[in-house]
Asker: 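Below you'll find the structure I mean.
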Number of protein chains: 2
Amino acid sequence: MAFDMLDKRSKQVLYAVIQSYINSPEPVGSRFVTKKYPLGCSSATIRNIMSDLEDMGFLSQPHTSAGRIPTGKGYRFFVDSLMDTEKVNEGSEMSREFVGQFTRKLEGIKTDLNVMFSEVTNTLSIMSNYVGILIPPQPEKITFKRIDLIRYKGSNVVAILLTDEGIIKNRVLQVDPRFTQDDLTRIADYLNSEFSGFILDDIRGMLIKRVKDEKTLWDKLISKAIQICEQAISYSEDDIFVSGLYDVMDLPDFSNISRIKELSRAIKDKHAILKLLDEFSDAEGVQVMIGDENPVEDLKNLSIVTAPYKEGARPMGVIALIGPTRMDYLKAISMVDAVAKCVSKTFRD
Amino acid sequence: MAFDMLDKRSKQVLYAVIQSYINSPEPVGSRFVTKKYPLGCSSATIRNIMSDLEDMGFLSQPHTSAGRIPTGKGYRFFVDSLMDTEKVNEGSEMSREFVGQFTRKLEGIKTDLNVMFSEVTNTLSIMSNYVGILIPPQPEKITFKRIDLIRYKGSNVVAILLTDEGIIKNRVLQVDPRFTQDDLTRIADYLNSEFSGFILDDIRGMLIKRVKDEKTLWDKLISKAIQICEQAISYSEDDIFVSGLYDVMDLPDFSNISRIKELSRAIKDKHAILKLLDEFSDAEGVQVMIGDENPVEDLKNLSIVTAPYKEGARPMGVIALIGPTRMDYLKAISMVDAVAKCVSKTFRD
DNA sequence: TTTAGCACTCTGATTATGAGAGTGCTAATT
DNA sequence: AATTAGCACTCTCATAATCAGAGTGCTAAA
């Protein structure tokens, strides 16, 4: 979108309409603009400009004699070139205090990532009044640290997987009952010495390769070890963290039930959300998807703001806010940005 | 509620009204009753009876010239003495097939209780169209099996707690960095030999007592062990399992948003739900709470059907359905009953 | 005790009406 | 050429009026 496709005043008008509509979801009329955003011209002029903006697809009219409301394209232009980006930063300045406080809070609970992650989405949703989402690190990002295998009830074995990031997974596996605890300890030792420090996903590849290449070389124990390890690291339906559906119902955008259902449906399909958001984990900084820019059907009436969180330079996962297209983008963006930074900082230390 | 406070025909009329209203939430008129539930008398007679039933508090009128709808008291009488209890059992017969299938399904996933529990609430909510809830076993019900302590990153220790029921908890603790893995192993050995087989809650009591009574006797290691163990078994904000909020929105009872908000608020307060339902874990069989019989404010417009699940004879937790007071009690009761039996059966084996 | 009959009441859908808000166009102004 | 005042026009929304329909409660007869 070229910056100069609109003259200054058109931009001001567009800004005024969008800002006002974000503020309260009612069609914005020309007279209203002249009153609240004095641009030194009459309502008739504004009317002409608004008509042009409508022709260009930035605004639309609910009906002939109503004011204008922003279109997706309008919001997009707003986010890309109209929004006061200084205020985003300034917003960060202002929330430096928040960042400090929140980081300290996270420090205190980072030993249990589940607790920390749900704290993150809670804070996010409470502060923004939108739905907060966090995607935990996916297997392809996680570094294996060690595994422990513990005999348990008959032929069961509990496998406990520790990772560098502090993630702990446990899993109950079935093994040949003839395996003793000693056997299991040996298997674990082997796995720990071989694979510690590797990415989980890579390990899976390596394991499969080993089984193939050297089938005959490895004795039964090791072959079993590999199977066990594979099971233990296999995708464990990791939940995503979601919070704020309740509070979002207060927004006028969701005053009719079908909108709520739409949103619920969208976040119910955790797999789709995960797939969508995971793509942003490698992105640099905050990303915004507005309305039908969104590939997921149920999200076409909603907007998403995402930011990755990292451990050092390595991207780990994504946090996001989902709200109506009539979202306070400035607020949402600076919030997601700030929280992502807090999480990254906590991971670093 | 005395059985004979209503004559046979009054019961039939009450039954007809409630059944019809459960079937579709519209006030039931006298003529409608004569048509759909032929009782061998005219609509005028029905009118008189309905008027009496209203005086007795079983029915009420939304407005002067509308039909009648059941009151809480009406539903209570229905559940206690009107509902075709044979059909509850027959329902179980019919669902014997379901019980078999579902139990088999649970068998397959019982190694991971989290998976199993969420499968239970999912099935429950999908089949009933109400909100399914499961309270996992609380600390006072859980038998300690063993603990493992693993050094981890600096002064952290991962404590892994295994229980007889197959519950695995892990928890990251801070310890004096001078403790070696050997120390930790010794601590774990000590705890395992001392406490295996006891109830978690009792252990906590025993630990506190030991610290008090014999403070001087125990060396630093053991004192630390006790602390560790206490932390490890301490209440871990165990989530309750909830499912079905989305589908419940299809019910006409929740067509207006404030009802949805009410329900959301109720199930958001997991602590209240847990406290409420946990009281039913020792109850025998299915319990029903209708509307304002409910102690929780946000549930006064809703009904709950609960049943405990057990391991052998020992009650473990509760499963429940939450729905509108206009609930299909017959269906809900037989469903909760059947599912609770499936879970209990799975625990037994 | 039951019932037919009827007057009465309340709802909800439909229609009419008018104020209000806002537009688009035209002609005058800068 | 750009801006603006003025005005006719359009559409919505709230209010009120009307009326059919459903259901009741009561009375008098069976």
Side-chain angles (χ1 to χ4, degrees), chain A residues 4-14 16-21 23-71 74 252 255-256, chain B residues 4 6-14 16-21 23-71 74 252-253 255-256:
Chain A
D4 50 357
M5 87 180 285
L6 293 178
D7 61 29
K8 188 172 171 203
R9 193 155 60 193
S10 298
K11 284 185 188 171
Q12 289 175 319
V13 172
L14 184 54
V17 172
I18 295 183
Q19 195 59 53
S20 160
Y21 191 72
N23 218 269
S24 109
E26 266 141 42
V28 184
S30 57
R31 224 176 103 76
F32 181 87
V33 172
T34 55
K35 288 246 163 132
K36 295 281 168 176
Y37 302 79
L39 303 175
C41 61
S42 78
S43 64
T45 311
I46 303 290
R47 265 202 294 287
N48 292 331
I49 295 174
M50 282 167 99
S51 178
D52 293 346
L53 287 171
E54 181 168 2
D55 290 343
M56 286 186 274
F58 293 115
L59 296 177
S60 74
Q61 254 180 320
H63 57 86
T64 323
S65 84
R68 302 304 204 292
I69 61 176
T71 62
S255 62
N256 90 58
Chain B
D4 48 358
L6 293 178
D7 61 30
K8 188 172 172 202
R9 193 153 62 192
S10 299
K11 284 187 189 169
Q12 288 176 321
V13 172
L14 184 53
V17 172
I18 296 184
Q19 195 59 55
S20 160
Y21 191 71
N23 218 268
S24 112
E26 266 143 42
V28 184
S30 56
R31 222 175 105 75
F32 181 87
V33 172
T34 55
K35 288 245 165 131
K36 295 282 169 178
Y37 302 77
L39 303 175
C41 60
S42 77
S43 66
T45 310
I46 303 290
R47 264 202 294 289
N48 292 330
I49 295 174
M50 282 166 101
S51 179
D52 292 346
L53 287 170
E54 180 169 4
D55 290 343
M56 287 186 274
F58 293 115
L59 297 177
S60 74
Q61 253 179 321
H63 58 86
T64 322
S65 85
R68 302 307 205 287
I69 61 175
T71 62
D253 312 74
S255 62
N256 91 57

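Throughout, a chain's letter reflects where its sequence line sits, starting with A, and its residues are numbered from 1. All of these numbers come straight from a predicted model, not from anything done at the bench. As a basis for the values below, the full set of heavy atoms in this structure was taken, side chains included, without hydrogen atoms, waters or symmetry mates.
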Asker: For the pair made of NE2 in A:His63 and C1' in D:dC9, what is the distance, rounded to whole Å?
Answerer: 14 Å
Asker: Nearest to the side chain of A:Ser42, heavy atoms from C-beta on, is which of D:dG25, D:dT4, C:dG24?
Answerer: D:dT4
Asker: Taking only the side-chain nitrogens and oxygens of B:Thr45, find out if one of them lies under 4.0 Å from OP1 or OP2 of C:dT2.
Answerer: no
Asker: Using the side-chain heavy atoms of B:Ala44, tell me which of these nucleotides is nearest: D:dT24, D:dT12, C:dA4.
Answerer: C:dA4
Asker: Please report the interatomic distance CD(A:Glu26) to OG(A:Ser20), rounded to the nearest 0.5 Å.
Answerer: 8.5 Å
Asker: Is the phosphate of D:dT24, meaning OP1 or OP2, less than 4.0 Å from a side-chain N or O of B:Ser51?
Answerer: no
Asker: Write down the distance between CD (A:Glu26) and P (C:dG20), rounded to a whole number of angstrom.
Answerer: 17 Å
Asker: Take the protein atom NZ of B:Lys35 and the nucleotide atom C1' of D:dA22, then report the distance between them rounded to whole Å.
Answerer: 12 Å
Asker: At their closest point, which heavy atom of A:Leu6 faces which heavy atom of A:Lys11, and how far apart are they?
Answerer: O-CE, 3.6 Å
Asker: Nearest 0.5 Å, please: how far is CG in B:Asp52 from CG in B:Asn48?
Answerer: 7.0 Å
Asker: Given atom CD1 of A:Ile46 and atom P of D:dA2, what is their separation to the nearest angstrom?
Answerer: 16 Å
Asker: Does the side chain of A:Ser65 get closer than 4.0 angstrom to OP1 or OP2 of D:dC9 through an N or O atom?
Answerer: no
Asker: Find the distance between CZ (A:Arg68) and CD1 (A:Ile46) and round it off to the nearest 0.5 Å.
Answerer: 11.5 Å
Asker: Taking A:Ser43's backbone N and O only, do any of them form a donor-acceptor pair with A:Thr34's side chain (distance below 3.5 Å, no angle check)?
Answerer: no
Asker: Taking atom C1' of C:dC25 as reference, at what distance in whole Å does atom CG of A:Asn48 sit?
Answerer: 9 Å
Asker: Please classify the nucleic acid contact of A:Ser43 as base, sugar-phosphate, or nothing, using heavy-atom distances under 4.0 Å.
Answerer: nothing
Asker: Looking only at N and O atoms, is any donor in the side chain of A:Thr64 or the base of D:dC11 less than 3.5 Å from an acceptor on the other one?
Answerer: no
Asker: Please give, in whole Å, the distance from D:dT4 P to A:Arg31 CZ?
Answerer: 14 Å
Asker: If I take atom CD1 in residue B:Ile49 and atom C1' in nucleotide C:dT2, what distance separates them, rounded to the nearest angstrom?
Answerer: 10 Å
Asker: Check the distance between C:dC6's C1' and B:Arg47's CZ and give it to me in whole angstrom.
Answerer: 11 Å
Asker: Can you identify which nucleotide, out of C:dT3, C:dG24, C:dT2, has its nearest atom closest to the B:Arg9 side chain?
Answerer: C:dT2
